[in-house]
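Note that these values count all heavy atoms, side chains included, but never hydrogens, waters or copies made by symmetry. Counting starts at 1 for both ligands and their atoms, in listed order.
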Amino acid sequence: MAEYEAVIGLETHIQLNTVTKIFCSCKADSWMDPPNTNICPVCTGLPGVLPVLNKAVVEKGVLLAQAMHAQLRELSYFDRKNYFYPDLPKGYQISQYDMSLAVGGYLDLPMPQGYMRRVSITKLHLEEDAGKTKNEYGRRLIDFNRCGVPLVEMVTGPDLRSADEAAQYLIRLRQLLRWLGVSEGDMEKAHLRCDANVSVRPKGADYLNPKTEIKNVNSIDAVRNAIQTEIARQVREVEAGRRVEAWTLEWDEDSATLRKMRSKETEADYRYFREPDLLPVRLDEDWKQAILAGFPELPLERRARFIEQYGLPEYDAEILTAERSLSDYYEAAVRAYGGDPKRVSNWMMNEVLRMLNERGLAAGQMKLKPAYLAEILKLVDAGTINMPTGKALLVKVEESGLAPGQIVEAEGLAKVSDEEPIRAACREMLAENPKEVGTYRGGKVTLMGWFVGQVMRKMRGKADPNVVRSVLEELLK
Ligand code: ZN
Ligand code: MN
């Protein structure tokens with residue numbers, strides 16, 4: 001049997017997290033609002049109204065384009081994309097066609113298998129969203145709330161070679177959107193929508209076969225499953241000597257199957273022409289500089305730098321750069337600590353991340369500031385507190401917002417190495433457990449661990465266990 005490879009391109013629609021819509025002052029994010037409560041004459045296309053471009057949409061689009069290594073156009077235009085559909089009250093969508101905000105670009109995907117896949121970007125433009133229709137009560141209902149919600153449409157070249165790579169693209173894109181603060185990138189809330197173009201060909205071939213387009217995939221897992229299912233179907237078709245036809249397919253999440261929606265329309269059907277009601281967007285040097293001032297180091301660059309500068313394993317660097325606030329936190333803690341960066345990483349990946357997950361917080365929201373984490377590490381290093389006390393202290397700082405040193409003092413958490421109180425506690429414990437003492441003296445020396453535990457408990461964990469052990473050994477002789 002011949003070997004096949006998949007050829008996949010993704011078309012994504014990204015909702016920008018601006019306060020208002022792209023051409024009117026309606027609220028942009030109406031995810032929770034009742035249908036048709038967040039609309040006005042502009043976004044519902046009533047006669048006689050004029051759109052006004054929201055500056056913030058351009059600014060967020062510029063940030064995204066820059067992060068995709070795309071080339072920004074100094075002059076870009078809006079166009080009308082004409083089609084009829086009930087959720088599009090104007091009869092056209094305001095989009096950008098041949099002179100869009102940016103040209104080209106790419107995104108690198110470090111694959112878990114160890115290789116890097118570079119995905120080219122063939123389209124990046126601004127546009128408005130349409131409304132939404134749904135079937136209910138035996139009728140077709142329309143909700144215009146999403147009309148005019150600002151989007152970036154971004155299309156990749158046919159560069160992805162597996163369902164896993166497609167999923168990875170969405171994971172990295174979502175990471176980037178959040179990193180830049182331009183979108184929440186939440187697929188379940190339609191902040192990020194994805195259609196996938198899929199074809200197969202003999203492995204290594206350089207031509208493209210007819211592709212199908214998969215629509216209605218609203219989670220990263222669904223994208224992976226739908227593409228896997230479609231690749232398998234196309235291979236079966238080709239093996240059976242049949243042609244793959246250029247259908248549009250709809251993914252049904254519940255049955256995990258693809259259904260044929262329609263035969264594909266082509267771009268020419270849209271009769272694009274310039275939007276006469278909007279001025280061109282002039283992104284002059286000053287404005288561009290102002291938008292890009294403070295443009296952040298991107299996730300992959302930071303990941304590479306963490307490996308290089310702090311000697312972190314790739315695994316640590318990947319986790320610590322998953323979110324921008326987490327990576328900022330890590331660096332601030334390393335700086336405040338001044339010791340081994342790997343030690344800070346260990347505490348973050350174990351203790352701090354668990355705390356963040358349990359409490360549903362982002363790193364930047366914690367009361368346990370990076371300087372406090374560093375202080376706790378220093379207290380442990382100096383032997384002022386022991387490791388379990390240090391870990392418990394993280395939680396106490398997070399709950400109180402007090403400095404670690406303050407809590408250590410107020411609660412008397414400092415490790416007791418002083419022999420006198422330890423000796424007293426040991427005597428007391430031995431007196432309370434005559435039976436175990438007898439057993440120990442009879443030869444069952446493994447009881448020592450239990451004795452040490454009892455004394456530690458008496459001293460609320462503060463005693464130095466090594467001192468406890470040596471005192472006990474002496475007393476039991
Ligand atoms: Zn409106
Ligand atoms: Mn679009």
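- Here D186 does not pair with R178 in a salt bridge; the nearest charged N to carboxylate O distance is not below 4.0 Å.
- At a cut-off of 2.8 Å, E11 does not coordinate the Mn ion (ligand 2) through any N, O or S atom.
- The Zn ion (ligand 1) lies at the vertex of an angle of 110° between the SG atom of C43 and the SG atom of C26 (rounded to 10°).
- The Mn ion (ligand 2) lies closest to atom OE1 when only the N/O/S atoms of E153 are considered.
- Restricting E127 to its N, O or S atoms, the one at the least distance from the Mn ion (ligand 2) is OE2.
- An angle of 110° is found at the Zn ion (ligand 1) between C24 atom SG and C40 atom SG, rounded to 10°.
- We find that R274 and D98 are joined by a salt bridge, their nearest charged nitrogen and carboxylate oxygen being less than 4.0 Å apart.
- Ion pairing of K21 with E128 is absent here, as no side-chain N (NZ or NE/NH1/NH2) approaches a carboxylate O to less than 4.0 Å.
- With respect to the salt-bridge test (charged N to carboxylate O, under 4.0 angstrom), the residues R305 and E331 qualify.
- One finds a salt bridge joining K215 and D195 here, because a Lys/Arg side-chain nitrogen approaches an Asp/Glu carboxylate oxygen to under 4.0 Å.
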